[in-house]
2 protein chains.
Amino acid sequence: MVDTSESQIEMDKHPSCFTIEQVASRTGLTRRTLRYYEEVGLLPAAERTEGNYRRYSEEDIQRLEHIKAYKNLLGFSLHDIRVLLATDQEREVIKEAYRQETDIETKIAQLAQTDVLIEQQLQLVDQKIAGLLEMKASLQERLARHAETRKRLQDS
Amino acid sequence: MVDTSESQIEMDKHPSCFTIEQVASRTGLTRRTLRYYEEVGLLPAAERTEGNYRRYSEEDIQRLEHIKAYKNLLGFSLHDIRVLLATDQEREVIKEAYRQETDIETKIAQLAQTDVLIEQQLQLVDQKIAGLLEMKASLQERLARHAETRKRLQDS
DNA sequence: AACATCTTTAACGTTAACGTCAAAGTTAAG
DNA sequence: CTTAACTTTGACGTTAACGTTAAAGATGTT
């Protein structure tokens, strides 16, 4: 690791071929963290070169940004984030089960099942928003009181 | 631990004398957690009885509720919370200095100083709210797509 | 006084989310 | 072809935030 960005291989700006180091420096995460996220299933297993080196795509980077936001801004655990970001993988799996399932009733039941999960997360998110709005209101109230005081002080 | 609330000692409803078990059940934290918070300096060392038992006050409970909010709603680490609560106390200190100050110009300057702290916290809260709203929208989008699919399945 | 409950401190265990190090293979560059 | 830089997979180490157990003392009840 000596050059932070473009040291290796390809001169081509092909959109879906970043080395682990490039992804690391662009996301602000470490290489270890990227491998760890793959290990625990947060990131779909990256493609490999013939030499077995990982190659990441733009979508991977997008996903990593999402993960960062969920983790740092919202304080979710990686486990919770995996549930929240169940988009790609879950959608694939469910769609597979869909194709193999001929009974429409069963399909609808499967949909409802994932909906329950999503609604649980929605509730949690709403709770957090409510708490944050409360906190925000109380902080603004303080600022307002200070403004009042300031005005009184200046009228003297 | 057999009775959750009033098993021990005092019949008197004195406002600032709760056992560790009472505080635990009222805050939803564990006794271990209360001792731990004291250990790491999040909570001021509780008063003791002659028998060396901890006794908590109303203010302690208030502070614990604050800590819980910071931790669960905002996902702050205990270390960050200690800093945040310190700035709260710092504000108190500044307020004290404020009362002793007679010069109006100085008073206004001091007000502005605490406002900076408050606005920093407000910014953080706003960031978190924005992130949560984004997440909420994406979850609702998924639900909508599922509803679409459900409709298509039923029309067949 | 005996007893069941509560409390104390001390110390070791646990889980998540990585950090760090080692041994070995890969790649671009000289 | 050699070499420096990059990568791989283990595997063990670390920190935060507690959980759990143990040994001993305290308290109110019988």
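Computation of the quantities below employed the complete heavy-atom set of this structure, encompassing side-chain atoms and omitting hydrogens, waters and symmetry-equivalent molecules. Order of the sequence lines sets the chain letters (A, B, ...), proteins ahead of strands, with each chain counted from 1.
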Query - Sidechain N-carboxylate O distance under 4.0 Å for B/Arg54, B/Glu47 - result: no

Query raised in the report: In terms of side-chain geometry, is the basic nitrogen of B/Asp80 or B/Lys71 positioned less than 4.0 Å from the acidic oxygen of its partner?
Result: no

Of the nucleotides [options], which has the atom closest to the [X] side chain?
| X | options | answer |
| --- | --- | --- |
| B/Lys71 | C/dC18, C/dT9, D/dA17 | D/dA17 |
| B/Ser77 | D/dA17, D/dA11, D/dT7 | D/dA17 |
| A/Tyr53 | C/dT7, C/dG25, C/dA17 | C/dG25 |
| B/Arg35 | C/dT8, C/dT7, D/dT7 | C/dT8 |

What is the distance from [atom1] of [X] to [atom2] of [N], rounded to the nearest Å?
| X | N | atom1 | atom2 | result |
| --- | --- | --- | --- | --- |
| B/Glu39 | C/dC12 | CD | C1' | 14 Å |
| A/Ile67 | C/dA17 | CD1 | C1' | 13 Å |
| A/Asp80 | C/dA16 | CG | P | 12 Å |
| A/Arg31 | D/dA5 | CZ | C1' | 11 Å |
| B/Phe18 | C/dT7 | CZ | C1' | 18 Å |

Looking at [X], I'd like to know whether one of its side-chain N or O atoms comes within less than 4.0 Å of OP1 or OP2 on [N].
| X | N | result |
| --- | --- | --- |
| A/Thr33 | C/dA17 | no |
| B/Arg48 | C/dT9 | yes |
| A/Arg54 | D/dT8 | yes |
| A/Thr49 | C/dT26 | no |
| A/Arg32 | C/dT20 | no |
| B/Thr30 | D/dG19 | yes |
| A/Tyr36 | C/dA16 | no |

Query raised in the report: Do any pairs count as a salt bridge (Lys or Arg N to Asp or Glu O under 4.0 Å) and have a residue in residues 131-143 of chain A, sequence neighbours left out, and if so which ones?
Result: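 Found A/Lys136-B/Asp126, A/Glu141-A/Arg145.
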
Report task. Please figure out whether A/Gly51 or B/Asn52 has its closest DNA chain C nucleotide nearer the 5' end. Result ->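 It is B/Asn52, whose closest nucleotide lies nearer the 5' terminus.
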
Report task. Can you sort out the partners of A/Arg48 under salt bridge (charged side-chain N to carboxylate O under 4.0 Å, His left out), two or more places apart, ordered by chain and number? Result -> A/Glu38

Requested in this report: Mind checking the CD-CZ spacing from B/Gln22 to B/Arg55? Nearest 0.5 Å is all I need.
Outcome: 7.5 Å

